[in-house]
Each structure stands twice: as C-alpha cells, then as structure tokens.
2 protein chains.
Amino acid sequence: MNEQLKGFFNEYRKLIDARLPSYIEDLSTPDTLKQAMTYSLKAGGKRVRPLLLLATLDGFNRPIEDGLDLACAIEMIHTYSLIHDDLPAMDDDDTRRGQPTNHKVYGEAMAILAGDALLTYSFELITSMPAVREEPAKALTLVRELAKASGPCGMVGGQVADIEGENRSLTVQELADIHHHKTGDLLAYSIIAGAVLADASEEDLEHLRMFAIELGLLFQIKDDILDVEGDSDKLGKPVGSDDGNNKSTYPSLLGLDGAKKMLDVHTMKAKEHLEAVKMDRTLLLALTDYVAGRDH
Amino acid sequence: MNEQLKGFFNEYRKLIDARLPSYIEDLSTPDTLKQAMTYSLKAGGKRVRPLLLLATLDGFNRPIEDGLDLACAIEMIHTYSLIHDDLPAMDDDDTRRGQPTNHKVYGEAMAILAGDALLTYSFELITSMPAVREEPAKALTLVRELAKASGPCGMVGGQVADIEGENRSLTVQELADIHHHKTGDLLAYSIIAGAVLADASEEDLEHLRMFAIELGLLFQIKDDILDVEGDSDKLGKPVGSDDGNNKSTYPSLLGLDGAKKMLDVHTMKAKEHLEAVKMDRTLLLALTDYVAGRDH
C-alpha cells in the first residue's frame, strides 16, 4: 500500500475504531444489547466505507471532522448487515474475521435485535452530524440516499438476489448486478456522501458515482480471486469457501485468468472516471490500486 | 366505538390499507422481497399508529395529506418489528392475525430481510413527505425522533428487556418500563409527530407526550386483560397465550381486578393530560375510551 494512503488509513482507522463503540456506551438501553452491538462494532475489519468517505472529504480539502458521524453511521449499517448475513437462516457462519459470529456469542434473538438496533441507530446518528444544523436540506438528502443504498433497492435487495442466485449458474451481468447492489451501493454512497458534504459540483458527483461503481466491482472481483488463490490466514476465512456454497463467482464464470483480465479492465475504467474529478485524487487513486492489488 | 371515531377510522384505515402496498409495488427490487414485504403490510391490523397521527393532525385542523407518508412509514416500522418478533429465534409464532406468519410463508431468511427492508425503506419514505421541501429542519427532527422511538433506546431496547424479563417475576414498574419502550415509544411518536407536523406549541407537545405515554400503558394493560378474559375468535389468537410464555402481565402481578382498577386510573390520567391541549380533542378522547373499552 502507498505510504500516504497507509498513513491516512492508520490514523483514521484508529479514530473510527475508537469512535464507533463510544456512541453505544451512553445509550439508555439494556446492557446485553449494548454488548452485542459493541461486540460486532469492535470486531474490526478494514473500515473501507468510513475511510472512503473521509478520503473523499480530504480530497476536496474539507475537515475530516465534518464526516465522522456519517462515516460511523455507514459502518454501523455495514456491521448490522454482517450480523444478519451470518445468522443460521442466512449464511450460517460460525466465525467472522477469526472470531465467533454475533449469534454464536449472544444467541440468535439478540443478534437479530443487535442488527436492528445498529440499523435504526445509524439514522439517529446521521441527524446529529454537523451539517444538520447549517444545511438541513443537504442532511436530508444524505439520509434519503443512505436509506436507498441500504434498503430494498440497494443492499437488502442485493442480498435477496444473491440468495436467489445460489445453486444456479449466473451470467457475468447477473453476478455484477447482484454485487452492484449487495456491496456496491453502500461503497458508492460512502464516496458520494463525502462529495456531497464537500459541496462537489454535479459533474464531479457523476464522475465519482461511476468511479465508485467500478471500485465496488473491483472489490468483488478481487474478493472472488482471493477466495481461489488467497492465503486463508491473511483472509481470516477458509480459501475456497465460495465453492462449497455453489455460488457463482467471477473465476467460476470466467476462469481465474478471465477474472484477472476483468480486474485490469475495470481498474482502468475506475481511474478514467476518477481523473475527470476536480479534487486532490491521490488517496482515492492509491486506494484503487490497493483494492485491486491487496492480498487479503 | 363512538360514531365520529368509527367514521374517521373506517375512512382513513382504508386509505392507509391501500397506500401501504402502493409504495412497494414500483420498487426496483427482487419480486420475492416485494411479495414478502407486501404480505405483512397487507396482513391488516388496527393501524392504530397511523390513525393516531392522522387524528392528531385533524385535531389541529391540518390536512390529512400532510401526514400520510409519515403515518405509513411508522406502520412499516411496526410491521417489521412484528415480522422479526415472530421469528423462531424470538417468539416462534406460526400465525398472526389468523394468518401464517411471514417466515412460515417466505422462509426465515426472507422474513429477516423483509423486516430489514421495511425498516430501512421507512427512512427513505420519510424523506419524501411534503414537510421536507418546505421545512427540512422540521423533517430532520421527525427523522431523529422516529429513529429514537424505534431503536436501542426505544422499541428494540424494550423488546430486549421483554425477552430478559421472561421466566422471572417483574415488579409492576419493571413491566411498565418494558412496555413503555416496546410499544409505548412508537405509539407516543405517532401522536407527537402529528403535533410537530401541525406546529403545536411546546406546552401542547408536552401534554400530548404525557397523554401518549398513558395511552400506551392503557393499550398494554387492556391487552393483558383481554388475554385472560377475551374471546379468542375476536382476538385472532388463543386466549391465555401469555400464560404459556411465563411472562409477567398486569393481571398476573395485580390480579384481574387490580389490573382493571389500574386501567381506570390511567384512563383518567390520560384524559387529564389531553384536556390541557389546545386542539379539537374529540377523536383522541373517543380513542382513549375505545382503547380502554375494546373487546379485541
């Protein structure tokens, strides 16, 4: 990873890691629920979505502080989706990032409720971000777009399409559509939200939207490739786990070489869109190379 | 039920019944998800929360149209909570309102996701209500208060406390606190939201808040009484079902007569608070008598 990006990530990942549980600490709610919410928020992960938002803000030369609440709200939504995805009725996963999943520790009922609580609380959190006081109309736009990216026409719809796509062979377009909603919409929102907070022009927003969609695609293609040839210790999950689920993946549809070619093509497209945006693009460019080149 | 209230309820319940599924129809999301969301939205119920909001608006002489989107958003949140509560990991109910529960028809995974989708979509829906265009700051307040009433410090927290209160004897205060959050907060929000939309004074809001808390309490005491001596055909669920769950109820803690006395005391308190509000109180007063006197 590029040194400047590494410095940025290390600094702000620590900030996000510390800030996420701090919102929950003072809530007036049963301790078990706080613990279950906090457990998954503390389980780590790359914090890609919050860091995308902060890197975009930074690229427009705006203070990081303006985006912290919204960045944490997005991470809470991502975290709730992981808790629900891991449930026995869904992917039935016992571990995530090398630790027992939420329902393995707190039971299924509490895991469902911890997910519901994180999702709902994220909308409360947004309404306390700094932009709300000065520019309520902008804040409402950010609420609407977050709900869209996470809801039936975004992440939840993508998860349903993903489940329905199991045990049958998908076309590459179908696979891309599933991931576009399941993971791409919230990744894209993270970037767009940073740009909206920074009052980016309509033209810049449109290029960033296209960039974000390509970045989401890169993310998934690379994930699928790592599932075939990655190192299970670095990944924190067994290699080849997609295989056992009978899920279509880019390597299963295109072969490993085909998937790698697709990765290259979309890395190029992502950079083309990014280069059209009037901002300091250093971090987002380094991030694109990292997403396409990472080993875990 | 009072004739004026009956007329109001019949007219606007039909409107709410028709409007709720119409939001889902045009969503760009997999058909199965739409069906699962729509199934529970169409399962009926009394639509108490939307009607509370509309009756409050009407009492302040404001057009019903101003509150319809928000009323439907609240009903979506109530509906998601029922879908998740019925899951095998939670109450494990096979029927609700005489029909198979969501997971019995669509499976557990889809029921979890339909709940998640309804919850998330409700926040998208709020951002399209008429007040958003003219008064974004007011709309944001309504978003924040809805998230609070439904989240870890409101409904979800109450549900956790309810689960943790099973199989042990509660005090009357503990029982009241559980219901205050599990059902009271969203009922109270429905009334407060109507008053906020109607630009009620701080003083009126405070009295309405107290009224709403009393009304929520009435609702629950009466539910518990009906579970002991109601008619299972009218209730749409077996009488005595609370008994089997080892749950504390007002009749189990106070005896049936004690619970009925408590119902009378809080009916009086509710009316005292209501009478302090400067509005046409006819509908809310009739509703209070209905909640305390209903046979299902």
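Model, not experiment: these values are computed from the prediction. Order of the sequence lines fixes the chain letters, A, B, ..., with proteins taken first and strands second; residue numbering starts at 1 for each chain. Computed from heavy atoms alone, side chains included, the values below leave out hydrogens, waters and symmetry copies.
For Y80(A) against D116(B), the heavy-atom pair with the smallest separation is OH-CB, 3.3 Å. A147(B) approaches T120(A) most closely through the heavy-atom pair O-CG2, 3.4 Å.
Relative ring orientation between H84(B) and H84(A) is described as perpendicular, the plane-to-plane angle rising above 60° on a 0-90° scale split at 30° and 60°.
Annotation: K138(A), atom NZ; neighbour count of heavy atoms from other residues, nucleotides and ligands within 6.0 Å is above 12.
Your options are G158(B), A137(B), C153(B), P88(B), and the one with the most heavy-atom pairs under 4.5 Å with chain A is C153(B). When the candidates E124(A), M110(A), E108(A), M37(A) are compared by the number of heavy-atom contacts under 4.5 Å with chain B, E124(A) comes out ahead. Across V156(A), L125(A), I24(A), L146(A), the residue that shares the most heavy-atom pairs under 4.5 angstrom with chain B is V156(A). Considering only heavy-atom pairs separated by less than 4.5 Å from chain A, the leading option among G154(B), S150(B), P136(B) is P136(B). In terms of heavy-atom pairs under 4.5 Å with chain A, the best-connected choice from P152(B), G151(B), A117(B) is P152(B).
Only the side chain of E164(A) comes within contact range of chain B, with at least one heavy atom under 4.5 Å from a heavy atom of that chain. Proximity to chain B is limited to the side chain of L87(A), based on heavy atoms less than 4.5 angstrom apart.
Formation of a donor-acceptor pair under 3.5 Å by the T29(B) side chain with backbone atoms of G157(A) is not found in this model. Remark: the backbone N or O of T127(A) is paired with a side-chain donor or acceptor of R144(B) at under 3.5 angstrom.
You'll find the side chain of I126(B) stays beyond 4.5 Å of the side chain of L140(A), heavy atoms only. Side-chain contact between L113(B) and I163(A) is present, with heavy atoms from C-beta onward closer than 4.5 Å.
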